[in-house]
Amino acid sequence: MSKSARVLYWFRTDLRLHDSPALQAALDLKPAALFPVWCWDPNYVYKHRVGINRFRFLLESMTDLSSNITSTQSKSQLLVVRGEPTELLPELWKRWNITHLVIEKDPSAYGRRRDRLILEAAKKSKVEVVAVQGHHLFDPEEVTKRNKGKPTMAMSTLQKIVADMGAVPKPIDAPKDLPLPKLKDSKAKNLKDTLKELAKSLDGLPHYTGKGREGPASVDLNSTELGGQRDKKVTCYDTVTGEASDLFSVPTLESLGMDRSKIRETIKGGETLALERLAKICKDAEYIATFAKPKTSPGQSAEDPSTTLMSPYLKFGCLSVRKFWWDAEEAKKKYKGGSATGPPENLNGQLLFRDMYACAEHAIGDAFQVIRGNSACRYIDWYCPTAYDKDGQVILPRPPGDAVSEARLSAYKLGQTGFPWIDALMRQLRLEGWMHHLGRHSVAAFLTRGQCWISWERGAEIFDEYLIDWDPCSNPGNWMWLSCSAFFTQYFRLYGLITFGQKYDKTGALIRKYCPELKNFPDKYIYDPFNAPKDVQQKAGCIIGKDYPFPMLDEKETKSENMQRMKICYQANLHGADKEVMNGTAEAMLRKKHGFKEPKEFDWANRPGAKIPDWAKAPEGEEHTTEGAPSGGKKGGANVKKEEEHDSDDDVLGQEDEHKEERGTKRKGATAAKSETGKNKKKK
DNA sequence: CGCTTTGTTGGTTCA
DNA sequence: CTGAACCAACAAAGC
């Protein structure tokens with residue numbers, strides 16, 4: 001059989017050639033032909049929330065994979081076909097006389113649903129399917145089976161299970177050669193002719209005209225109407241095989257209706273860069289051996305991260321997680337210093353967390369993304385939850401919640417909350433598609449149980465759209481963790497909006513970079529410019545409430561109110577799959593118990609506490625911008641524009657030099673101000 | 001991989 | 001030299 005094998009290798013979660021057990025399985029068939037295919041799935045284009053940065057990173061990764069294929073076999077490349085895989089793949093294997101379909105197993109709920117259909121179609125066509133695990137350290141299907149179908153809700157559970165599953169497999173090298181993607185009667189002598197023949201073989205196939213197989217046919221989750229970043233027409237489905245001049249090529253961002261000028265292209269995709277970065281990190285044995293996630297700083301940017309920044313590459317399989325695991329193990333052996341760190345805080349522990357979430361998602365399925373129907377998720381009566389119709393279908397667009405929560409959610413998404421730490425992190429996310437893990441903790445706790453009491457589903461949605469490394473398991477999993485809905489229960493442990501960032505970086509470099517309107521504030525007030533006396537604000541060239549929004553809520557007031565609510569929700573002990581949640585009575589029940597109030601707008605002048613600056617008591621007719629650009633109208637636009645004026649790296653460096661020079665004098669100013677207020681207090 | 005309050009310890013300054 | 005005053009660093013406990 002092996003001599004006549006003709007393999008369609010379908011890339012999905014594995015944009016790499018190194019350590020790919022699935023690709024190895026394909027080569028083990030000793031095929032006469034191997035077609036490396038990427039099917040440009042409209043379900044990913046329309047029915048998953050994907051922003052500009054993640055599409056950009058994916059396209060870069062595909063381009064790099066294609067060139068790596070060509071470097072290995074000059075007469076081959078990645079063959080990108082545009083259409084619905086369940087419609088298109090059967091045509092390909094019919095017209096290309098395929099005997100075997102080889103894939104890396106995609107363990108996510110969508111992946112499994114899609115692959116079930118593909119498997120059925122393959123069976124009908126007598127195409128043999130070979131599916132191999134390679135996206136995680138351990139096969140989530142096998143782990144779930146060993147856990148009796150239950151989700152893995154703790155690291156200790158996962159560790160216990162995988163202890164009996166043997167060691168993580170050692171990485172295998174990239175292939176030295178690849179079989180040609182040739183038709184049976186091919187006369188092609190070079191790649192260009194091969195592509196022409198392949199395109200000709202697909203003549204007569206209608207190009208794809210729908211918006212994906214899943215959900216309501218007309219819905220485009222990435223349209224601006226639904227809060228997405230697609231503002232132009234999608235043209236990538238105008239053909240099946242791409243432009244005639246560039247057959248089977250990687251689509252462009254423009255053909256997805258997206259405008260790359262709206263983002264910063266900070267983290268570039270591809271296997272080549274992933275391996276370079278891994279090699280560089282593993283050279284530093286001490287860094288690898290003593291890595292402790294809680295000690296890494298969230299106050300650093302992607303250009304100089306305190307973590308490895310490998311997650312985007314793991315997400316698309318540009319980097320094999322098993323290679324990461326073993327290269328880290330090798331590096332640790334070289335460390336001769338004191339004691340090394342262990343799981344869960346070390347690097348391998350981080351990779352195990354990724355497996356834990358994948359296995360939990362595997363057991364729960366689609367409901368892992370939401371609260372309703374999710375048995376692993378504690379039910380809490382958040383504002384702005386996902387809404388369902390009588391048949392249990394999600395209503396899109398989501399019917400608005402109360403006005404204040406909607407305004408807060410919008411301000412949060414744009415980085416206009418009035419809390420510089422939160423705003424800097426959210427702007428970093430929106431512009432660059434990445435945020436440090438602990439920064440994600442901070443903003444997630446703030447939106448949910450900390451201050452806003454808004455559903456983690458809304459936060460997960462924003463992350464879905466903006467994160468490059470978004471993952472259907474880790475992302476909802478971490479949102480449930482931080483909102484104390486699952487995995488984690490210590491709801492009284494809450495991140496301070498001023499103190500948490502300050503602990504890592506007193507100078508507020510992240511704020512100065514992403515909130516340039518605040519860059520001239522002295523260190524003392526960079527995390528809470530709203531507490532700065534008016535003369536300090538004037539000197540900094542930024543009046544709070546005018547050039548930067550007032551805080552949209554009172555940190556301490558919301559915190560204590562929400563902790564009381566959490567206590568009551570924990571006592572009620574409802575979960576997403578309970579009948580009270582499914583029939584919609586849970587919300588009213590909990591609100592009765594904790595004395596539900598609509599969230600109120602923050603009244604600066606009457607806020608509790610004794611630290612009200614004189615200038616705030618008498619606002620001098622200045623408008624309080626608690627709304628903080630949530631309408632997404634003129635104000636938001638103006639702020640975005642202002643930011644982009646400070647975009648270039650040179651400019652950022654310039655800003656940093658500036659504070660270094662000025663810091664000394666500004667500190668003196670701040671101390672003087674402090675002693676003054678001290679005197680005032682004594683007089684009173 | 002919390003924050004805040006409270007209390008302790010050990011050190012410095014200065015009348 | 002003494003002792004009050006202050007302060008930084010840390011630990012414990014409660015939310």
Side-chain angles (χ1 to χ4, degrees), chain A residues 153-156 158-159 290-300 305-309 311 341-354 356-357 380 419 421-422 425 434-453 456 459 463 469 474-506 510 524 527-528 531 551 553-571 594 607-611 667 671 674-675 678-679 681-682:
Chain A
M153 300 307 288
M155 261 296 255
S156 53
L158 180 84
Q159 284 173 309
T290 63
F291 185 91
K293 192 58 154 284
K295 285 179 187 156
T296 60
S297 170
Q300 284 170 290
S306 57
T307 47
T308 64
L309 214 81
S311 55
T341 47
E345 63 176 355
N346 73 349
L347 274 178
N348 302 56
Q350 305 311 305
L351 298 179
L352 283 169
F353 269 122
R354 180 171 171 273
M356 180 188 80
Y357 288 128
I380 293 162
F419 295 101
W421 174 241
I422 299 294
L425 289 164
W434 182 82
M435 193 195 290
H436 184 280
H437 186 72
L438 296 183
R440 300 183 197 193
H441 280 213
S442 215
V443 301
F446 169 76
L447 184 73
T448 56
R449 67 186 166 91
Q451 272 70 41
C452 303
W453 200 257
W456 64 261
F463 276 32
D469 63 26
S474 299
N475 191 49
N478 277 308
W479 274 94
M480 284 187 259
W481 181 298
L482 267 304
S483 62
C484 288
S485 300
F487 304 104
F488 181 72
T489 57
Q490 307 298 97
Y491 56 80
F492 41 81
R493 288 191 200 164
L494 188 55
Y495 302 84
L497 304 180
I498 294 151
T499 51
F500 187 69
Q502 232 162 19
K503 194 164 74 185
Y504 295 93
D505 175 22
K506 287 190 168 52
L510 196 82
K524 182 174 158 51
Y527 286 90
D528 58 341
N531 283 323
L553 45 76
D554 184 277
E555 179 183 1
K556 301 231 159 58
E557 193 183 49
T558 49
K559 173 184 163 177
S560 66
E561 198 175 280
N562 290 344
M563 275 191 191
Q564 291 167 36
R565 291 174 175 179
M566 286 303 284
K567 194 176 169 185
I568 287 170
C569 292
Y570 263 67
Q571 282 167 357
H594 65 55
R607 70 179 177 143
K611 286 190 293 182
R667 275 224 182 95
T671 335
K674 193 190 172 187
S675 60
K679 275 176 200 165
K681 267 185 190 168
K682 274 179 190 167

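Naming convention: chains lettered A, B, ... in sequence-line order (proteins, then strands); numbering from 1 in each chain. These numbers come from a predicted model, not from an experiment.
- Using a 4.0 Å cut-off on heavy atoms, the residues of residues 493-506 of chain A that approach DNA chain B are A:Arg493, A:Leu494, A:Tyr495, A:Gly496, A:Thr499, A:Phe500, A:Lys503, listed by number.
- In this structure A:Ser311 satisfies the side-chain hydrogen bond (donor to acceptor under 3.5 Å, both in side chains) test together with A:Asp469, sequence neighbours excluded.
- Annotation: side chain to side chain contact (heavy atoms under 4.5 Å, CB included) contacts of A:Thr290 (sequence neighbours excluded): A:Glu286, A:Tyr335.
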Please report, to 0.1 Å, the donor-acceptor pairs under 3.5 Å made by any side chain of residues 481-488 of chain A, with sequence neighbours excluded.
unit_1, atom_1, unit_2, atom_2, d
A:Ser483, OG, A:Trp479, O, 2.7
A:Ser483, OG, A:Met480, O, 3.3
A:Ser483, OG, A:Ser485, OG, 2.7

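- Evaluation of the side chain to side chain contact (heavy atoms under 4.5 Å, CB included) rule for A:Asn348 yields A:Trp325, A:Ala328, A:Glu329, A:Lys332, A:Asn346 as partners, not counting sequence neighbours.
- Applying the side chain to side chain contact (heavy atoms under 4.5 Å, CB included) test to A:Thr558 and every residue at least two apart in sequence or in another chain returns A:Gln451, A:Leu553, A:Asn562.
- Sorted by first and then second residue, the pairs that involve residues 491-503 of chain A and meet side chain to side chain donor-acceptor pair (under 3.5 Å), not counting sequence neighbours, are A:His441-A:Tyr495.
- Using a 4.0 Å heavy-atom distance criterion, A:Gln564 is classed as making no nucleic acid contact.
- Separating the CG atom in A:Asp505 from the CD atom in A:Gln300 is a distance of 8.0 Å, to the nearest 0.5 Å.
- Judged as a salt bridge (Lys or Arg N to Asp or Glu O under 4.0 Å), the pairs with a partner in residues 558-567 of chain A (not counting sequence neighbours) are, in order, A:Glu561-A:Arg565, A:Glu561-A:Lys597.
- From the 5' end on, the contacts that DNA chain B makes with chain A at under 4.0 Å to a non-hydrogen atom open and close at B:dC1 to B:dT4.
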